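For reference, the structure is listed below as structure tokens.
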Amino acid sequence: MSKLILSVSPHLRSRTSTTTIMLDVVIALIPALIASVLIFGLRALLLTAVCVAACVLAEFLFCLLCKKPCTVGDLSAVVTGILLAYNLPVGLPVWQAVLGSIVAIIVVKQLFGGLGMNFANPAIVGRIVLFMAFSGTMSNYMMPDDKGELVASATPLVATGSDVPSLLDLFLGNNNGVIGETCAIALIIGGVYLMIRKVITFHIPVVFIATVFVLSFVAALGGGDVMAALSDATYQILAGGLMLGAIFMATDYVTSPYTKWGKVIFGIGCGLITFAIREWGSYPEGVSFSILFMNILTPYINNWTATKPLGGAKNEK
Amino acid sequence: MLPKLNGVIVPHRKNTAALAAVKMTAPKSVTIPMNMHIGAPSVPCVKVGDEVKVGQLIAEAGGFVGAPIHASVSGKVTAIGPMLASNGTSMTAITIESDGEMAVSETCVPPEVNDYDSFIAAVRASGAVGLGGAGFPTSVKLDVKDTSRIQEVVLNGAECEPYITSDTRTMIDDADLIKEGVELLKKYLDVKKVIIGIEKNKPEAIAKMQELSDEVFSVKALPSVYPQGGEKVLIYNCVGKIVPEGKLPIDVGVIVMNCTTLAFLAKYMKTGLPLTEKLVTVDGSAVAEPKNVLVPIGTSIEDLIEFCGGYKAEPRKILYGGPMMGIAVPDASAPVIKNTNAIIALDEKDATLPEQTPCIRCGKCIDACPLNLMPVEYARALAVNDFALLEKRKVNLCMECGCCSFVCPARRPLVENNKLAKAALRKYQAEKNGGNK
């Protein structure tokens, strides 16, 4: 008889692992991928594939060079790649997408110690770096015309006059933007899947979106027309990167609070900053900046919202 | 209404729930350790070569928090010496070679009980300890001096650990004994309210107990969410009270007893047979014929599993108790002791735990903890020796139920970490207090 294994209890573990969680996120992102290919054509698929390949390869090579155990198998780099790609306009040169992937994986994730150690969301920072470095190509939103040729057009957040899409178009994704953000229904399906699978809780996405909705509604009420204000607030939550950001980027475990109340505060903060940038800032969109800012506050939020142990006595000061 | 406590859904695996107890034939020998309870080790009062009978006193309580020990087989004492305990320390054990007769000692006569003091004395003489697993001497727990302090007695029939069904069988097969036990509590401790908490996955036990309920005794069906049987969780869910940090259940007017402990007390008062055998669930992927077995205390795990048809696969891990809180034993010669409620033998597949990966700060451990603790923070605090944070976040309250490790997607050894953190915090506090004085 070989020796018995000795270990500390429990001797039983749930089936959920980091890999199954990441796989669930990938599955949840598939409806949006299908939508992006239908809306923007096959180049959306190409960009996604390039970002995923670049992220995975960057992580693999970094681990190899640093003689660290290879963490590609946990699929977290795949998720980063997909999310970064979803934040890019369809016409972005491939080499720029690769550069963004390298920044996300090497600079933001690995240099801080790899999975679980980064303080900011890699895909968000990758996007912001690209936005700063290549503001031309990064804000050159294009859509295929009737012949399938990519032509520049406005995004809903800056559109005026006849360019303004209807709410239904926004909901279905029939409008311009970065490749993964336009189809609200596809993103919501993914979000519901993640909640059913208990990968994320409703707190961050619902509070984030609700905050933007309420603030936009109040701001639009100045016009005096409640129906118009409701319509405007709905437009604000469907347009731009809010759905993608609130459901998939703000809910990143590593960079968002782990307490329930912390998640609520995080959602409110993201909503406030997004609204402020959209309303008064010089950028049309504020979702990524809001998430990055709240990422930085996350350790403090965790501390403020620490749970109260059952029966715990008051701490001596 | 009180908010619901956290917990986790664990697989039940109650394969033996329908199997009534089988009495084990006398093993060739038994090895009875002197530390089968919390408190002072018992002191042997027999010598090598002495002939003993079942139920005969072989070791006296070593202190107020202690319990006497009785021979579980008839035969000859062949050794009194050191043995390795499951926690790695050395302790004294008495080995008795069985003569196969299982002859009962003449000393086993029903105790004379007519008031509180004689009841507590009888409980003490019975050798009873908490049979749910904690092994706290029952006489010490019941000796509350002023019985008006007791508002409720909560009987633990939750049996929330996977596999284990020994309490379930006691509730079904020895329901009358539990009822008699309740009568004893009423009579001698003046208890006005007894509640038995049972997880809903044991409908037969719930039905049986409900048949016996009256104005004093009632049944509380609990959701099958682990760990319903944890003392603080059980009190919270059965009587809606919170036991404050550093206090005992009796400080909020509650006594918690395992249902099997109470059934044993009732039997002892009738027969005078002390605690010499224990109902043990034998199960797990390496066991050929899972069973509920009435085992003489001190029987080796080897002999017990042999009685259950031996192994059907090579055992790679053997546990005292269930998989959530059970203790892995270094080898199968370890004995069944008073508070053993299950022996689980696992094959290679079940014994091997998945490899750990980096913490992704998902917070699932926080959402799982029934006491609202934050295992993710203890892990980081311990890594950098941040004792102030461990103290502030109350790692000392951790009951090591295993929910956090169970849910952790990165398979971090959180319970192990909590144990280390608790020990480190105790040391830090002792040094701090020592320095101030």
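Note: hydrogens, waters and symmetry copies are ignored here, and every other heavy atom, side chains too, is used. Remember, it's a predicted structure, so these values are computed and weren't measured experimentally. Quick note on labels: first sequence line is chain A, next is B, and so on, each numbered from 1.
Between Glu377(B) atom CD and Asn302(A) atom CG the span is 6.5 Å, to the nearest 0.5 Å. Atoms NZ and CD1, from Lys317(B) and Ile5(A) in turn, are 6.0 Å apart once rounded to the nearest 0.5 Å. Note: His11(A) NE2 to Leu319(B) CG = 4.5 Å, rounded to the nearest 0.5 Å. Once rounded to the nearest 0.5 Å, the distance linking CG of Leu12(A) with OH of Tyr226(B) reads 10.0 Å. Atom OG1 of Thr18(A) is separated from atom CD of Gln356(B) by 11.0 Å, given to the nearest 0.5 angstrom. With rounding to the nearest 0.5 Å, the separation of CD1 in Ile327(B) from CG in Leu6(A) is 11.5 Å.
With a threshold of 4.5 angstrom between heavy atoms, Ile366(B) approaches chain A through side-chain atoms but not through N, CA, C or O. Neither the backbone nor the side chain of Ile344(B) comes within contact range of chain A; no heavy atom of the residue lies under 4.5 Å from a heavy atom of that chain. With a 4.5 Å cut-off on non-hydrogen atoms, Asn118(A) touches chain B through its backbone but not through its side chain. No part of Asn396(B) comes within reach of chain A, as not one of its non-hydrogen atoms sits under 4.5 angstrom from that chain. For Cys359(B), the part sitting under 4.5 Å from any heavy atom of chain A is the backbone (N, CA, C, O) and nothing else. In this structure, chain A has no heavy atom under 4.5 Å from any part of Val8(B). With a 4.5 angstrom heavy-atom cutoff, Cys408(B) touches chain A only via backbone atoms. The part of Ile21(A) that comes within reach of chain B is its side chain, from C-beta onward, which places non-hydrogen atoms under 4.5 angstrom from that chain.
Most heavy-atom pairs under 4.5 Å with chain A: of the set Arg361(B), Met325(B), Glu400(B), this distinction falls to Arg361(B). Ranked by heavy-atom pairs under 4.5 Å with chain A, the list Ala410(B), Cys404(B), Ser405(B) is led by Ser405(B). Contact tally against chain A (heavy-atom pairs below 4.5 Å) for Pro409(B), Cys403(B), Pro11(B): the top residue is Pro409(B). Note on Pro244(B), Pro323(B), Gly322(B): by heavy-atom pairs under 4.5 Å with chain A, the leading option is Pro323(B). Interface remark: of the candidates Lys247(B), Lys232(B), Met324(B), Met324(B) forms the most heavy-atom pairs closer than 4.5 Å to chain A. With chain B as the partner, the residue from Thr19(A), Val254(A), Leu115(A) showing the most heavy-atom pairs under 4.5 Å is Val254(A). Counting heavy-atom pairs closer than 4.5 Å to chain B, the top residue among Gly114(A), Pro257(A), Gly116(A) is Gly116(A). The choice from Cys362(B), Pro162(B), Pro370(B), Pro358(B) that makes the most heavy-atom pairs within less than 4.5 Å of chain A is Cys362(B).
Scanning residues 65-84 of chain A against chain B with a 4.5 Å non-hydrogen threshold yields no residues. Heavy-atom proximity under 4.5 angstrom to chain A picks out Arg411(B), Arg412(B), Val415(B), Glu416(B) from residues 411-418 of chain B.
The shortest non-hydrogen separation linking Gly326(B) to Ser9(A) is O-CB, 3.5 Å. Considering every non-hydrogen atom in both Ile360(B) and Tyr253(A), the closest pair reads O-CB, 3.2 Å. Residues Lys198(A) and Lys364(B) come closest through the heavy atom pair O-NZ, 2.9 Å. The heavy-atom pair separating Leu397(B) from Leu310(A) by the smallest distance is CD1-O, 4.0 Å. The two residues Arg380(B) and Tyr258(A) make their nearest non-hydrogen contact at NH2-OH, 2.6 Å. Across every non-hydrogen atom of Thr307(A) and Asn372(B), the tightest pair is OG1-O, 2.7 Å.
Met195(A) CE: more than 12 foreign heavy atoms inside a 6.0 Å radius. Within 6.0 Å of atom CZ in Phe60(A), 12 or fewer heavy atoms from other residues, nucleotides or ligands are found, so the atom counts as exposed in its surroundings. Residue Tyr193(A) places its OH atom among more than 12 non-hydrogen atoms of other residues, nucleotides or ligands, all under 6.0 Å distant.
At a threshold of 4.5 Å between non-hydrogen side-chain atoms, the residues Thr259(A) and Met374(B) count as touching. Looking at Val407(B) and Thr16(A), their side chains never come closer than 4.5 Å, going by heavy atoms from C-beta outward. In this structure, Ser7(A) and Leu353(B) have side chains that are in contact, with non-hydrogen atoms separated by less than 4.5 Å. Lys392(B) places a side-chain heavy atom less than 4.5 Å from the side chain of Asn303(A).
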Margin query: Under the criterion side-chain contact (heavy atoms from CB on, under 4.5 Å), I'd like the reasoning laid out for Lys260(A) against Asp367(B): C-alpha separation, chi angles, the key distance, then a yes or no.
Written below: CA-CA 9 Å; Lys260(A) 283 199 178 66; Asp367(B) 294 338; 3.4 Å; yes
